[in-house]
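Report on the structure given below.
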Number of protein chains: 2
Amino acid sequence: MSSSAPAKQRVRKSPKARRAEIVGRAATLALTEGLECITMRRVAEDLAVRPGLISHYFPVAEELVAEAFGTAASEELEELIPAERPAGSALDQLARFFARATGARYDDMSRLWLNARHLSRFRPVLAERVAVQEAAWRDRITRLLREGTAEGAFRPADPAVAAIQILVVLDGLGVHANTDRSNRPPAVTNMAVVTAERELGLPEGSLLALVHDAVASGTANGAAASEPLANGAVPPAPTA
Amino acid sequence: MSSSAPAKQRVRKSPKARRAEIVGRAATLALTEGLECITMRRVAEDLAVRPGLISHYFPVAEELVAEAFGTAASEELEELIPAERPAGSALDQLARFFARATGARYDDMSRLWLNARHLSRFRPVLAERVAVQEAAWRDRITRLLREGTAEGAFRPADPAVAAIQILVVLDGLGVHANTDRSNRPPAVTNMAVVTAERELGLPEGSLLALVHDAVASGTANGAAASEPLANGAVPPAPTA
DNA sequence: AACGCTATTGGATGCTCGACCAATAGACAA
DNA sequence: TTGTCTATTGGTCGAGCATCCAATAGCGTT
């Protein structure tokens, strides 16, 4: 052996790359283990660097937490509803949105929202970031609803209100997903989609059918298949 | 001055009384400042005793946290739906339930649920208590729905499912209450009641009117007036 | 090939927390 | 009143945390 000590070798990277690396690790840490696990020591350990380095890029720890959440949330939003919509109608996009947002793959994000909202009580910087992301999610859904209205696909009383209602139900489901999830009745699992159908003036079951299709065809934004919705509940054929 | 030191005098109480005192303080602490503020030192300080005393009654801190949550949650449930229903129909009781559960007075409890659900990730003992309370709340609502069904007041497809749906919407609203709450559209505020009306087969706006009455008459279980629901939205006259 | 900039290290400091324990003093019974 | 039991104290200990800083070594420039 040339040396008995671990002989730590430094790897020097550009500030930009290093910073991105840190935020990236913190973001996945937030999604998998929770925001409170984002600590100087922990992130440093995962990246095989010294804690001092992290605090060099983020002199105040809370800043990193906020950044991590912001990154995770905006990336997920991009998966749910891409900023520039791919081929297909607004209705199809809405179906893809629900396919992902009600699938098992969304559980981590759902939990992260819960986590972030709670932690916001004690961390003002994070709170601001949460408010920003909340607005971003709401606005992007609202926009999609407006587009769908323009396309004649649906007619919400107020797109902005409908967007909030959808988010409220999704959040409610997410909260319960953390404990229940197993043996959950289809009538509960489908609440979000059913709410959307009602508020958008869609025929009962029509959107639900589209969501099922989206799940089946793996089109549910973001590659691999997410879990099917509620298997027992076969939706009635769309009326329109 | 007889002594220069603060001259701390001990107050000796019965274990039962002291324990209750500790749990009580911890419970209100949980409601007002959050479960993570329940620390040996903090509770001791509030009670003007030494930290060692707290850890004497609760050798493991997590136990106190769980106990505090359980107490707060079960007391609130008793306010929402008393175990033995006072005079009045099940429908009236349901209206009183919503009057309180959607009022400003419920905000703390709503936040506590959020807090507890999140913290459950890291604290197994608390997680079990949360599961117990979740079941208790669900079961008591289910029972009330069954009673109302027996009284012919409403006809839910499945009382147990309807109970969960109501809770999901309430939780969703609670989650958003932590950030929004201001300038919230009536169509959002009323979501819980509207959901109940739909799932219970009640005429649109009928329950909402009863809830408004309950708020106005201050009958909203638990003394003082809670904030009115959505002031702008005058519900249509009940059809039945 | 030598230099200078700065990304990175290694260590120190002080904080809050849960947990543990011998000593003490209040209350109740004899 | 005296004595015993135990509720309560007061202090200690180690772990994990953010934050700060002087020294070091990697890399692009010259």
Side-chain angles (χ1 to χ4, degrees), chain A residues 2-26 29-30 33-68 119 121-126, chain B residues 2-26 29-30 33-68 119 121-126:
Chain A
S2 53
S3 79
S4 56
K8 172 151 198 61
Q9 59 170 345
R10 331 186 145 180
V11 189
R12 190 188 174 112
K13 300 190 177 180
S14 79
K16 188 172 178 175
R18 186 63 91 180
R19 198 185 163 91
E21 188 184 17
I22 293 174
V23 172
R25 179 60 205 153
L29 211 44
E33 306 190 31
L35 289 168
E36 26 276 290
C37 291
I38 300 180
T39 149
M40 300 288 176
R41 285 168 164 74
R42 178 61 198 280
V43 174
E45 189 182 350
D46 289 0
L47 259 42
V49 296
R50 312 264 71 193
L53 182 59
I54 312 296
S55 87
H56 169 70
Y57 285 98
F58 293 90
V60 172
E62 191 182 347
E63 221 80 41
L64 174 56
V65 174
E67 189 73 16
L119 213 58
R121 268 179 93 173
F122 312 104
R123 311 217 175 172
V125 182
L126 175 61
Chain B
S2 53
S3 77
S4 56
K8 172 153 198 63
Q9 60 171 343
R10 322 189 151 182
V11 188
R12 190 188 174 111
K13 300 190 177 180
S14 80
K16 190 171 177 174
R18 187 62 92 178
R19 197 186 165 92
E21 188 183 17
I22 293 173
V23 172
R25 179 60 204 153
L29 212 43
E33 306 191 29
L35 289 169
E36 26 277 289
C37 291
I38 300 179
T39 154
M40 301 286 177
R41 286 170 166 78
R42 177 62 197 279
V43 174
E45 188 182 352
D46 289 0
L47 259 42
V49 296
R50 311 266 78 193
L53 182 59
I54 312 296
S55 85
H56 170 70
Y57 285 97
F58 294 90
V60 172
E62 191 181 349
E63 221 80 39
L64 174 57
V65 174
E67 189 73 15
L119 214 58
R121 270 179 92 173
F122 312 105
R123 312 217 175 170
V125 181
L126 175 62

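Naming convention: chains lettered A, B, ... in sequence-line order (proteins, then strands); numbering from 1 in each chain. Quantities reported herein were computed from a predicted structural model and do not represent experimental measurements.
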What is the distance, rounded to the nearest whole Å, between atom CG of Leu47(A) and atom C1' of dT9(C)?
-> 15 Å
Could you work out which one of dC17(D), dT9(D), dA19(C) sits closest to the side chain of Val49(B)?
-> dT9(D)
Val43(B) pairs by side chain to side chain contact (heavy atoms under 4.5 Å, CB included) with which of Leu47(B), Thr39(B), Asp46(B)?
-> Leu47(B)
Mind calculating the distance between NZ (Lys16(B)) and P (dA27(C)) to the nearest angstrom?
-> 20 Å
Taking for each residue the nucleotide of DNA chain D with the nearest heavy atom, is it Thr39(A) or Lys13(B) whose nucleotide lies nearer the 5' end?
-> Lys13(B)
Output yes when Arg18(A) and Glu21(A) qualify as a salt bridge under the 4.0 Å nitrogen-oxygen rule, no when they do not.
-> yes
Proximity to the side chain of Leu53(A) - top-ranked nucleotide from dA18(D), dC17(C), dT9(C) = dT9(C)
The residue, Ala61(B) or Pro15(A), whose nearest nucleotide of DNA chain C is more 5′ is Pro15(A)
Rounded to the Å, how far apart are Gln9(B) CD and dG26(C) C1'?
-> 11 Å
Answer with yes or no whether Arg10(B) presents, from its side chain, a donor or acceptor under 3.5 Å of a partner atom in the base of dT24(C).
-> yes
Between dC20(C), dA18(D), dT9(D), which one does the side chain of Ser55(B) approach most closely?
-> dC20(C)
The answer to which of Glu36(A) and Val11(B) contacts DNA chain D further toward the 5' end, by nearest nucleotide, is Val11(B)
List in chain and number order the residues that pass ring pair (Phe, Tyr, Trp, His ring centres under 6.0 Å) with Phe122(B), two or more places apart in sequence or in another chain; answer none if no residue qualifies.
-> His118(B)
Taking every non-hydrogen atom, the tightest pair across Val125(B) and Ala66(B) | CG1-CB, 3.9 Å
Starting from C1' on dC20(C), measure out to CD1 on Ile54(B) and report it in whole angstrom.
-> 16 Å
Side-chain donor/acceptor contact of Arg41(B) with base of dG18(C) under 3.5 Å | yes
Arg42(B) and Arg25(B), any side-chain heavy atoms less than 4.5 Å apart | yes
Distance in angstrom units between Met40(B) CE and dA15(D) P, rounded | 19 Å
Contact class for Pro51(B) vs. all strands (heavy atom < 4.0 Å): base, sugar-phosphate, or nothing?
-> nothing
Sub-4.5 Å side-chain heavy-atom contact between Val23(A) and Phe58(A) = yes
Which of dG18(C), dA7(C), dG10(C) is nearest the side chain of His56(A)? It is dA7(C)
Using a cut-off of 4.0 Å on non-hydrogen atoms, how would the nucleic acid contact of Arg18(B) be classed: base, sugar-phosphate, or nothing?
-> sugar-phosphate
Using a 4.0 Å heavy-atom cut-off across all strands, classify Phe58(B) as base, sugar-phosphate, or nothing.
-> nothing
Please report the shortest heavy-atom distance between Leu64(A) and Ala26(A), naming the atom on each side.
-> CD1-CB, 3.9 Å
Report yes if at least one side-chain N or O of Tyr57(A) is closer than 4.0 Å to OP1 or OP2 of dT8(C); otherwise report no.
-> yes
Could you pull out the protein-nucleic contacts involving nucleotides 3-5 of chain C (nitrogen or oxygen on both sides, under 3.5 Å)?
none

Mind calculating the distance between CG (Leu64(B)) and P (dG18(C)) to the nearest angstrom?
-> 9 Å
Separation of dA19(C) P from Arg50(B) CZ (nearest whole Å) | 19 Å
Residues Met40(B) and Val60(B): closest non-hydrogen pair is CE-C, 4.4 Å
